[in-house]
Number of protein chains: 2
Amino acid sequence: MSSTSSCLVTKLSHYVSLSQADCARLATLEKAERTFDAGHEVYQGGDENKDLYVVKHGWAFSYTDLPDGRRQIVKIHHPGDIIGFPDVALKHATTTLRTVEDVCLCPFPKSSLDEILRESPKLSALLLSIALRDQVVLIDVLRAMGRMSAQERVSYMLLDLISRLRITNPGMTDTIRLPMTQSQIADYLGLTNVYISKTFIRMEEDGYIHRDQNRLQILREDAMIELTDFHDRYADMDTSWFPQD
Amino acid sequence: MSSTSSCLVTKLSHYVSLSQADCARLATLEKAERTFDAGHEVYQGGDENKDLYVVKHGWAFSYTDLPDGRRQIVKIHHPGDIIGFPDVALKHATTTLRTVEDVCLCPFPKSSLDEILRESPKLSALLLSIALRDQVVLIDVLRAMGRMSAQERVSYMLLDLISRLRITNPGMTDTIRLPMTQSQIADYLGLTNVYISKTFIRMEEDGYIHRDQNRLQILREDAMIELTDFHDRYADMDTSWFPQD
DNA sequence: CGTCCCTTTGATCCATTTCAACATTCGTGG
DNA sequence: CCACGAATGTTGAAATGGATCAAAGGGACG
């Protein structure tokens, strides 16, 4: 299995150069493979926490429901992402994982982390950094949810998505495929499907975006960056303090 | 320096038993000590990221502002907490740190983490778990901000605070000291100070809470837990997969 | 005892929700 | 290849939770 076949290695080596041994360690995480249809629930909140997953292709998301049915999507997963990482700290899954489209996932057991922590300080530092960077991103989302209007939130979401996709896909320009429904976008941004529709229409009229099928073009990225005070958290991390192998 | 003098050791050994060597490693993080007056800004978002801090006593919080002044408080820090952990992944601080009252902090350099990652797999696993658990907590906050009413958010905040304080303070019953102003609570919950006032009054009338000076008693904890579908993320973590020293 | 900060109160306003109907797209089987 | 039904998106009217604004109380502290 060559390292180029692994989205995870692609994503992680964007930040720091990895030894052969470390690449091999990561590759073993993607040994197993399972495919799921669109709209399938892979595991549910409350389930015992057995596996983590690396996304090979397709989009998925994690969500929680309140008892009365209100739903909050907390994370959108793309190829190369590790799913279920936060739940490693706890005995039971805190979210439900649902596919957006047909998806291929690579499950691996929590205990694989044990080996990494014992044998590769550098990879440990990288995993820790990813976890901490994801915290920063969650904080950005929190800021959006707590203090931004609908249009600002939508803008923030689009900027975040395109920044993430650019990491593994450097050829990307200003157009993204957006396979999620407006109801799902609403559940991610803490709004309603109706208001997402109205906001998209408004943003299109105002020349911020252009929609065509499920493709979305960002026309005024700079204006949206200013509107939301957006910071790209993905482009680079501080790896200067990492232990050397 | 005995281990009982360290809030950090107290907090961490709640989850897993630590070797003498590991306790000593943690204790060195708390060697230095600085005190700050109430309402002081210790560092600002955008500053170069040099130190982390362990809280020795007093409350503080981290926040970000939008360019037009809207503020979001993203984390409230208590004794034993590590401040600035998420920013380790990045070169610059993403939030500003402000004290709520007189505070004593122990600064230590990022590079101390390097030593821990190289020398103690178990402590590395614990730090990683803390980071991941904090992600779960942020997800809970996100759910509250995205989908809960004002009264539910206030309830969630109070339950979260009391759960955290119970870790280092097992004698705690149902009454907490709440040194934050209503404006600060509003900035944490994505509301306004006016509406926080109205919500507190309503909750007091309805018999959920009782206020006296800056002490707050939770009268109907069970009802509030049900109202918010609250889960305690602090009481225990899954340490079963940790490497042994 | 005056000043400043915090909390409370009430009136009014507005962004978003809710509800309901209608339009469009898409997948599926006949 | 078309017809159908289900899911998704759009539209408009009415309702509402929380924001905004402004003024008045209350407490702590010099």
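Below, chains carry the letters A, B, ... as their sequence lines are ordered, and counting in each starts from 1.
- If you measure from atom CG of B:L178 to atom P of C:dC6, you get 15 Å, rounded to the nearest angstrom.
- Look at B:R233 and B:D134 and you find no salt bridge, because none of the NZ, NE, NH1 or NH2 atoms lies under 4.0 Å from a carboxylate O.
- Judged purely by distance below 3.5 Å, without hydrogens or angles, the side chains of A:H78 and A:T168 never pair a donor atom with an acceptor atom.
- Rounded to whole angstrom, the span from the CD atom of A:Q182 across to the C1' atom of C:dA23 amounts to 13 Å.
- What separates CZ of B:F200 from P of C:dT9 is a distance of 14 Å, to the nearest Å.
- Checking B:Y63 against B:E41 by side-chain atom types alone, a donor-acceptor pair falls below 3.5 Å.
- Between C:dT7 and B:S197, no contact under 4.0 Å exists linking OP1 or OP2 to a side-chain N or O.
- No donor-acceptor pair closer than 3.5 Å links the side chain of B:T99 to the backbone N or O of B:D102.
- Relative to the axis of its first five pairs, the axis of the last five pairs of the helix from C:dC1-D:dG30 to C:dG30-D:dC1 sits at 40°, rounded to 10 degrees.
- Each of B:Q184 and B:I201 has a nearest nucleotide on DNA chain C; the 5'-most of these lies closest to B:Q184.
- Taking atom CD1 of residue B:I185 and atom P of nucleotide C:dT8, one finds them 10 Å apart after rounding to whole Å.
- Residue B:R211 places its side chain closer to C:dT8 than to any other of C:dT8, D:dT8, D:dT11.
- Salt bridge B:E152/B:R143: absent, no basic N to carboxylate O contact under 4.0 Å.
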Contact pattern, 5' to 3', of nucleotides 14-30 of chain D - B, S or - by protein heavy atom under 4.0 Å: ---SBSBB------S--
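- At a cut-off of 3.5 Å, with distance as the only test, a side-chain donor of A:D160 or A:Y234 sits close to an acceptor on the other residue.
- Under 4.0 Å is where a charged nitrogen must lie from a carboxylate oxygen, and between A:E221 and A:R166 at least one such pair does.
- Ring geometry for B:Y53 versus B:Y43: interplanar angle under 30°, hence parallel rather than tilted (30 to 60°).
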